[in-house]
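Below is one structure, written out as structure tokens, with a few remarks after it.
Numbers for residues simply follow the sequence, beginning at 1.
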Amino acid sequence: MTHRRSVQSAFHFIIILSMLLGLLGTFTLPARGEPFDHTFYVNSSEPMTPDTYPGDAQCRTADGKCSLYAAIQESNAMNGADLILFEDYVQVIQFEEHDCCLPPLSDVSDGTTIRGEGLVTLRHAGLVTPNQNNFGITVLSDGNKVQGLSIEYFDYGIVVNGDSNVIGRDGDTIDDYTEGNDLTENAVGIQILGDDSLVSDNYVADNLKYGIVIEENGNGNVIGVSDGVFQPAYNQVSFTERGILVRGDNNQVKGNSVSNCSYYGIHISGDGNLVGTDGDEVYDFLEGNVLGYNNYAGILVEGTQNIVAGNYSGTDSDSHIAPNNDGLIIYGDGNMVGTNGDGISDEMEANYFAGNENNNIQIRGDENIIYGNWIGVLPDGSGLDTSQDGIGFCNGTGNVIGDVSPGLGNVIAYNGYGITMNEVCGATTYNIVRGNSIHDNLKLGLDLNENGVQPNDPGDADTGPNDLQNYPVLSAALRSNVTSVLGTFNSLPNQEFTLDFYASTTCSDIKRSGEQYLGTLVVTTDGEGNAPIQVELPQVAAGKFITSLATSEDLSTSEFSSCIEVVQAPIDGAVQVNSTADQVDLDPDDAVCDTGDMVGEEPECTLRA
């Protein structure tokens, strides 16, 4: 086999090395260790020579040899589990242009295993355009395994139309490292039309249209790392139009390396699929997909109720950079991106979208939830300070970016804009932004019209993205044992608004943001649309800055307010002891309790001082 592992995609994904570990699990597909009822040895390279008497348990063509064609015929005709092996000298089976197909695997008893051991190539005469009639291996029945083959220049390398089949590694720890297939220079590498199959440890590269595609009637399949095996593995997919395309429902795409696709790395158009980790504490650290150098986007989601969790798009676990155009594009509705906040593997469910050339996340759908992700931030905590946006809305209604509950806020940093909302593609309203850590972006943390700070208007009657919701106006932030924030708010009359407050270490009016969520105040405007702001928040060090976001009853969040610096409140002669030491005061006559040492960011004040 000439391609496998010797040809690496342009982006080397270090995260995969840990998959060499043999971790415990339960394999639910047919076990490799089970005895076979019949074993057939292919000793002929003839591609289309049939068996003389299928069903006599003898693989024999008219010239007395055993071709792969004849071995499949014989296997289909016999009851029980069958194994097809190849003699060492059978290395290339060459199909001519007029040769169509081998017989499909159709044994309905106990399935057939074809094992090439990484040494056998099936090669068609040459693929120019996909004619949709040349198939390398076709699987029609259940419980088959296709392992260790190199398949080249077919319209479809492998077609699976049965259920519970294995394409590649079965993960039972027996010869697992020779079980992956190479599928190169086909129109489509692997096509899945059935249910509950495992596609693992395959090298799928340079295919014209799709690397791996699950069609609309394909459900419950696993592409990559499976929880139910002893030794899970990933697929390497690269240099094709779409790396992995999922049109079916309730499938899992986990732990794959997908790069250099001319359209999308992973494209999900079905519903209820999982891209990345399932957060069940079984192989979670192996299940995130790694996506780089894909021309349109690392991941495209068009369906509904899909989950995207634990992936690396534009980077990898070692913070190497491999930009896609967009890290993630969401056209669909009701999808979940990031953690579900159930307390199980929540950190492993976070995605890293960083280093991409356009948006790290682009939203064009409704009612999607984005929780607990790192957007613009590399796994080592650094960033690139790029001019591209963290999250960009082209249109979308009812989306949720973060929450004030612990662990659900996103970290959005080192982008151009942190979040932008415009209406280039349609209405962008009723989108919630709460509880995120937004900092160190080159422009505004949240921009509602991608035009800089949007001025408040009296009565808040203007329209636009998120109805151009007015933001609070803060006037003071006084530090004592709490942080007291004062200000005013004006918007629509006689309505309830939720004001969230944030602390930041720096302040810039062109980079308004909020690094640390502090707390929330709910206010109700009067008949003129006014409401006072007076709230006590956790203690914040003097010299830091407070900002605020407002969210309306219809769940539209404003831009950040301007920042107000935290100052120490006057104490009327009282002092606050913050140390149990016994040091004396530096200057008892200066009205400042200060031993000369520091407690955190404050001068030390002992009881003696």
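Side-chain atoms of S504 never come within 3.5 Å of backbone atoms of F545 as a donor-acceptor pair (strictly under, hydrogens ignored). Of the possible polar contacts, one joining the N324 side chain to the L291 backbone as a donor-acceptor pair under 3.5 Å is found. Side chain of D526 to backbone of G529: a donor-acceptor contact under 3.5 angstrom is found. Here the side chain of E559 pairs no donor or acceptor atom with the backbone of V453 at under 3.5 angstrom. With hydrogens and angles disregarded, no donor-acceptor distance shorter than 3.5 Å links the side chain of Q454 to the backbone of L448. A donor-acceptor contact shorter than 3.5 Å links the side chain of N578 to the backbone of C605. Under the 3.5 Å distance criterion, the side-chain polar atoms of D318 are left unmatched by any main-chain donor or acceptor of H320. For the pair N219 (side chain) and D249 (backbone), a donor-acceptor distance under 3.5 Å is present. Not a single donor-acceptor pair under 3.5 Å links the side chain of N256 to the backbone N or O of V258. Side-chain atoms of N436 come within 3.5 Å of backbone N or O of N410 as a donor-acceptor pair.
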| field | Check against side chain to side chain donor-acceptor pair (under 3.5 Å), T339 and E349 | value | CA-CA 5 Å; T339 181; E349 294 165 354; 2.9 Å; yes
Verdict with supporting geometry, N395 and T428, side chain to side chain donor-acceptor pair (under 3.5 Å)
CA-CA 5 Å; N395 65 281; T428 302; over 6 Å; no
Run S382 and D380 through side chain to side chain donor-acceptor pair (under 3.5 Å) and show every step you take. CA-CA 6 Å; S382 67; D380 64 8; 2.6 Å; yes
Apply salt bridge (charged side-chain N to carboxylate O under 4.0 Å, His left out) to residues K254 and D227 and explain how you reach the verdict.
CA-CA 10 Å; K254 304 193 299 183; D227 286 351; 3.6 Å; yes
message: Run R247 and E215 through salt bridge (charged side-chain N to carboxylate O under 4.0 Å, His left out) and show every step you take.
response: CA-CA 5 Å; R247 294 178 170 133; E215 301 293 359; 2.8 Å; yes
Exercise. Test side chain to side chain donor-acceptor pair (under 3.5 Å) on D284 and S345 and set out the steps.
Key: CA-CA 8 Å; D284 287 343; S345 289; 2.6 Å; yes
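To the nearest 0.5 Å, atom CG of residue N251 and atom CD1 of residue I223 are 7.0 Å apart. Atom CG of D460 and atom OG1 of T525 lie 10.0 Å apart (nearest 0.5 Å). Taken to the nearest 0.5 Å, the CD1 atom of I330 stands 10.0 Å off from the CG atom of D333. One finds the CD atom of E565 at 13.0 Å from the CZ atom of R479 (value rounded to the nearest 0.5 Å). Between N368 atom CG and I363 atom CD1 the span is 6.5 Å, to the nearest 0.5 Å. Within the model, atoms OG of S317 and CG of L378 stand 11.5 Å from one another, a figure rounded to the nearest 0.5 Å.
Across all non-hydrogen atoms, the minimal contact from N494 to G527 is OD1-N, 3.4 Å. The shortest non-hydrogen separation linking V566 to I546 is CG2-CG1, 3.6 Å. The shortest heavy-atom contact between D509 and S562 is OD1-CB, 3.8 Å. L549 approaches P472 most closely through the heavy-atom pair C-CD, 4.2 Å.
Aromatic pair Y502/F560: ring centres closer than 6.0 Å. Residues F497 and F489 place their aromatic rings such that the two centres sit under 6.0 Å apart.
Scored by the salt bridge (charged side-chain N to carboxylate O under 4.0 Å, His left out) test, D500 finds R434 as partners (sequence neighbours excluded). R242 is linked by a salt bridge (charged side-chain N to carboxylate O under 4.0 Å, His left out) to nothing, counting only residues two or more places apart in sequence or in another chain.
Looking at E287 and T277, their side chains do bring a donor and an acceptor atom within 3.5 Å of each other. Side-chain contact, Q305 with D271: no donor N or O sits under 3.5 Å from an acceptor N or O. For the residue pair T557 and T551, a side-chain donor N or O sits within less than 3.5 Å of a side-chain acceptor on the partner. For the residue pair Q469/S491, the side-chain donor-acceptor check at 3.5 Å is satisfied. A donor atom on one side chain and an acceptor atom on the other are found under 3.5 Å apart for T595 and E604. Side chain to side chain, S552 and D554 meet the donor-acceptor criterion of an N or O pair below 3.5 Å.
At least one side-chain heavy atom of F501 sits under 4.5 Å from a side-chain heavy atom of V535.
The number of heavy-atom neighbours closer than 6.0 Å to CD of E528, taken from other residues, nucleotides and ligands shown, is 12 or below. With a 6.0 Å radius and a threshold of 12 heavy atoms from other residues, nucleotides or ligands, Q495 has its CD atom above the threshold.
A side-chain hydrogen bond (donor to acceptor under 3.5 Å, both in side chains) with N359 is found for one member of N325, N415, D326 and no other, namely D326.
In this pair, Y263 and Y296 present their aromatic rings parallel. The plane angle is below 30°, not in the 30 to 60° band. The aromatic rings of H439 and Y414 stand perpendicular to each other, their planes meeting at an angle above 60°, with 30° marking the opposite boundary.
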